[in-house]
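Report on the structure given below.
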Amino acid sequence: MDSDYLIIRAAKKQPIERTPVWVMRQAGRYLPEYRATRAKAGDFLALCKNPDLAAEVTLQPIDRFGLDAAILFSDILTPLEGMGIKLSFNPAPVIHNPLRAAADIAALRLPDPDDNVPYVGQILDILVPELRERVPVIGFAGAPFTLACYAVEGGGSKLFSKTKALFFEQPALAHQLMEKLTAMTTRYLNYQIAHGVKMVQLFDTWAGILCPDDYQEFVFPYVRQIFAGLDQPGKVPKIYYINGGHQHLSAMANTGCEVVGLDWVADLAQAKDLIGHKVALQGNLDPNVLFANPEVIRAKVKTILDKQGPASGHIFNLGHGIDKEVNPEHLKVMVEAVKEFSAR
Ligand code: CP3
């Protein structure tokens, strides 16, 4: 049964025999086999749109490390294409027609996922049956504010100053943009659930750049709306992740998610005291610990597991995506340490 997967039980704080573990960006450039498959596909976006090869890279870290979940191989930005946004990766994302005026936002379409991202359904149709006896597939989407940051800025940014200028100067327009992105994201996640994902993660990477008041105005209601609009409530647990979002922890726990994803600067014990009665927690090893030697990695893993203690309700992960320079053997050390130290 779906609810028997270790990671689903941990998300629901049900009994577990050990702490489950997966890693953000686990299919990626630090793996030589990923780089080889990407070269076969041509480039990153072509890989995302090639169901056989995308399924192949999704499976690579599962086979190599024995992780407890697979995550759909895609990017948070790919579903923006069907809204009319022109996207490429080099490898960082570039948006060629950034949203700057009311007319740009009015022109955004609300696409049917079957037309917009048919490759995502096709990848899942390969992966879900293939993995059924082993691990669940996690689906994901970018949260509306984080998508807006890229769409307004035209790519990554340190300050996201154009995005903030738009949100602060023209709040009504910002809300229109958030409404459209919310509608697209809700549909997109339901499409993934219909194709068999057993858990979803909403990435709100950049919501940490907002103060609590602005978060309440521009982000919280939309995230709540997405979670409330998902199919199979209670069955498909929802993880909500923010990078640098400690000021939002209580709000995050009130969005309707089952699991709050922590970055590495957060203290797991403090987060547990604050919101652990409401939600399970995911995280939160500093991704750069994987550049240290195996002894250090094992000690740091143990420190985090000790903060959780024996109770269920913790999914081990890094506090952000794994870096492309990491030695895969070091990730293996981390995964094995989690399994060894957390055995009940
Ligand atoms: O986690 C996984 O293994 C699943 C696939 C996945 C990717 N991106 C693949 C990817 C997921 C879940 C993401 C999420 C994502 N993408 C986020 C949220 C998480 C986070 O990192 O905070 C964001 C902000 C993006 C946008 C994005 N896509 C950036 C900033 C970059 C460049 C990254 C870099 O290191 O230069 C990408 C490209 C990208 N997405 C790559 C991968 C494997 C590397 C591209 C390549 O292989 O050429």
Side-chain angles (χ1 to χ4, degrees), residues 21-50 53-62 64-65 67 69-81 85 87-95 117 119-120 123-124 127 135 137-151 153-158 160 163 185 188-189 192 197 199-209 239-245 261-264 282-284 287-288 317-326 328 331:
V21 51
W22 70 283
V23 172
M24 290 190 274
R25 210 99 20 113
Q26 63 192 22
R29 287 168 290 176
Y30 72 105
L31 286 177
E33 58 268 38
Y34 168 85
R35 297 194 298 268
T37 310
R38 189 186 59 181
K40 242 198 283 176
D43 60 29
F44 172 69
L45 205 46
L47 176 57
C48 291
K49 293 178 181 181
N50 181 321
L53 296 182
E56 186 178 301
V57 296
T58 308
L59 294 169
Q60 286 167 350
I62 310 303
R64 195 198 252 251
F65 304 111
L67 295 158
I71 180 162
L72 163 72
F73 188 80
S74 197
D75 194 81
I76 60 167
L77 300 174
T78 43
L80 294 178
E81 286 189 311
I85 288 174
L87 175 67
S88 62
F89 288 88
N90 88 20
V94 183
I95 282 165
V117 284
Y119 51 90
V120 168
I123 298 166
L124 293 172
L127 281 176
V135 295
V137 180
I138 301 176
F140 72 89
F145 179 72
T146 293
L147 296 177
C149 283
Y150 285 99
E153 225 60 40
S157 165
K158 269 216 171 79
F160 289 98
T163 311
T185 302
Y188 180 46
L189 286 174
Q192 295 179 35
V197 302
M199 239 179 148
V200 294
Q201 176 155 325
L202 192 65
F203 285 95
D204 216 349
T205 303
W206 294 111
I209 66 173
I239 309 166
Y240 181 46
Y241 170 82
I242 297 180
N243 191 9
L262 301 174
D263 75 0
W264 70 97
Q282 175 174 279
N284 68 337
N288 290 317
N317 204 316
L318 298 176
H320 197 202
I322 188 169
D323 189 86
K324 64 181 191 309
E325 306 292 339
V326 165
L331 182 57

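We use all heavy atoms of the structure for the numbers below, so side chains are in, but hydrogens, waters and symmetry mates are not. In each ligand, atom 1 is the first atom listed, and ligand 1 is the first ligand listed. Worth saying up front: this structure is predicted, and the values here are computed from it rather than measured.
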(request) State, yes or no, whether a side-chain contact exists between I62 and Q26 at a heavy-atom distance under 4.5 Å. (result) yes
Tabulate distances under 3.5 Å between N/O atoms of ligand 1 and N/O atoms of the protein, writing both atom names on each line.
unit_1, atom_1, unit_2, atom_2, d
ligand 1, 1 (O), R25, N, 2.7
ligand 1, 3 (O), Q26, N, 3.1
ligand 1, 3 (O), A27, N, 3.1
ligand 1, 8 (N), D75, OD1, 3.2
ligand 1, 16 (N), D75, OD1, 2.9
ligand 1, 21 (O), R25, NH2, 2.8
ligand 1, 21 (O), H320, NE2, 3.1
ligand 1, 22 (O), T205, OG1, 2.7
ligand 1, 22 (O), H320, NE2, 2.7
ligand 1, 28 (N), D75, OD1, 2.7
ligand 1, 35 (O), R29, NH2, 2.4
ligand 1, 36 (O), R29, NH2, 3.2
ligand 1, 40 (N), D75, OD1, 2.8
ligand 1, 47 (O), Y34, OH, 2.5
ligand 1, 47 (O), R38, NH1, 2.9
ligand 1, 48 (O), R38, NH1, 2.5

(request) Return the orientation label for the F160 and W206 ring planes: parallel under 30°, perpendicular over 60°, tilted otherwise. (result) tilted
(message) If you define the side chain from C-beta out and look only at heavy atoms, does anything of Y150 sit under 4.5 Å from I85?
(response) no
(message) Y241: which residues meet the ring pair (Phe, Tyr, Trp, His ring centres under 6.0 Å) condition with it, sequence neighbours left out?
(response) none
(message) For R35, give me all partners under side chain to side chain contact (heavy atoms under 4.5 Å, CB included), at least two apart in sequence or on another chain.
(response) P32
(message) According to ring pair (Phe, Tyr, Trp, His ring centres under 6.0 Å), who are the partners of F65, at least two apart in sequence or on a separate chain?
(response) none
